[in-house]
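Data first, discussion second: the structure below is written as structure tokens.
We name chains A, B, ... by the order of the sequence lines, and we start the count at 1 in each one. Just so we're clear, the structure is a prediction, and the values are computed from it rather than from any experiment. Just so it is clear, the values below take in all heavy atoms, side chains as well, and ignore hydrogens, waters and symmetry mates.
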Amino acid sequence: MSLAGRGRPYAKAASAAFAYVCALCAFASVAVLLILIGQMLRFAWGWLDFQFLTSFDSQLSAHRAGVKAALVGSVYLIALTALFTVPVGVGAAVYLEEYAARSRWRGFVQTNIANLAGVPSIVYGILGLGLFVRGMHLGAGVLAGALTLSLVVLPVVILASQEALRAVPNTIRQASFALGATKWQTIWHQLLPAALPGIMTGVILAISRALGEAAPLVAIGAAGFVMFLPAGVNDKFTALPLQIYNWTENANEEFQFHVAAAGIIVLLVMLICLNAVAVYLRYRFGKRIRW
Amino acid sequence: MTPPSKPQSMTELTAEPKPRTLPLRRTTVDHSRVVDDLLDRPQKVVARDVNFFYGEHHALHDVSLSIPQNCVTALIGPSGCCKSTFLRCINRMNDMIEGTRLSGQILLDDVDIYRPRTDVVELRKRVGMVFQKSNPFPKSIYENVAYGPKVAGIRQRSQLDEIVEKCLRRAALWEEVADRLAASALQLSGGQQQRLCIARALATDPDVLLMDEPASALDPKSTARIEDLIFELKDSYTIVIVTHTMKQAARVSDQTAFFYEGRLVEVGATTDVFTKPRQRQTEDYITGRFG
């Protein structure tokens, strides 16, 4: 007597159907993304060229408009954001994982960091406006933008760094302490190097989020139209998402569709590059360090 | 991993007058020198009325034990008898666990290591430790051995080179790794990794070496190498070893301490404990009636 199909005639069919439904779900999300990118490429075709990358924005002609100010502004912005976020984020993670006892205080901080990771970025934007732009009189410059974005991505960096530190086996801590290393030496020589790939991955993902944020920059009042490159940290600036948003608001359809699409492609390429680095780091170091 | 073997019969342990002729040895080291002056030797580590608590749990009860210099002391007993806990009291590794408490005294060269002024970092340089599971750092072989001296402040390359070679030779690993000191320690076999951990522990130039079941995860051949090594090292170090296998205790140790349920039941010269135990529980354990 065969074992197949005995007693439960629908079981096999249901199982197969379920597999197809799941595959469809997976395909649907990818399909939407592909359609989006396809549309963007179609609109941007012929517009995304060297001139586009090296020109400032133009109010006169869509053909003379470029992404230069936004591109440089974005690079400036995420470099400063990384500068602020990495030390503070890693420091906070080291404190929470290695120093803070399993106390109520730690639990309180931990819960709040997890909550902060879920706060909408516009809220941070308003905070940045009140604190950095007005409170500290920084103006809507690169510094205020970077500080605001640092607030947005800090919880992500802290959580990723904590995760990476937690993944370092306890035997490494014990071995280091047993050799007469101090806590600081153990953290500096053993734990941070071992956790570095995880921390770097977290930082890069945080940076790519900062790169794509428009709302907090709108809230602090960053410019949408800039005809110069920021020379100092308090100079006016614009960033890619903001520039794209500004173009889509333009009444001229050439701006609305083609120039904006070209800008979106530039932004997407930057994001994909950052994510590729993160994936590479995870692969490269994940292979080398195995416990 | 070899399961802890039990003596098949009393005769196997008692028929032979000296451990050197026990059947499992297949080594070249001359084990004929038996220490018979345990009590006349200087006592390196002396525990007096040690009680140890994990939170509310009373783990060690009134343990008093003297560990003579340049001898191997084996701590035996069934799982959960807290022999490892006692071992970890000697270099204060238990300090790493929150909520632990110790009363009584542990003297190292007549100085109480639990007095408030103790420099724990300094203590751990003098009391090295080898763990049950080999735990090399995910760094090169050289860096593993050089870590202890480095955190102690030795920076000179020539001096470090010298220490690394000396310790690897002492741990009987030099010949196997001399040509690949820069290779990752994680590429070594299990037995080699454990000998590397021993070399690493020797690099801080300790007086006392604590070993927590150093061979329990190794095959018989690697185990025999570690045991030979222990025998050679006792000329220079005072060794305390926790072991699950009574044969190993009989082979390598001069003094044996039997722990049961957090109490020290019996301590004496290894030959005495194995041939004419004074306590009923000891006899039951070493003959394999429980544990």
Next on the checklist: Do B:R200 and B:Y147 form a cation-pi contact, if we require the NZ or CZ to be under 6.0 Å from the six-membered ring centre and within 45 degrees of the ring's axis?
Outcome noted: no

Checklist entry - Distance under 6.0 Å and angle within 45° of the ring axis: does A:R209 meet both against A:Y124? => result no

Next on the checklist: Which atoms of B:V127 are under 4.5 Å from chain A, going by heavy atoms: the side chain, the backbone, both sets, or neither?
Outcome noted: backbone

Next on the checklist: If I measure from the heavy atoms of chain A, does B:K139 come under 4.5 Å with its side chain, its backbone, both, or neither?
Outcome noted: side chain

Checklist entry - Do you know which of B:L65, B:L210, B:D212 makes side-chain contact (heavy atoms from CB on, under 4.5 Å) with B:L75? => result B:L65

Checklist entry - Checking side-chain contact (heavy atoms from CB on, under 4.5 Å) against B:V145, which of B:V164, B:V177, B:L160 comes through? => result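 Among B:V164, B:V177, B:L160, the one meeting side-chain contact (heavy atoms from CB on, under 4.5 Å) with B:V145 is B:V164.
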
Checklist entry - Do you know which of B:E143, B:E98, B:K150, B:R92 has the most heavy-atom pairs with chain A at a distance under 4.5 angstrom? => result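 So the answer, after comparing B:E143, B:E98, B:K150, B:R92, is B:E98.
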
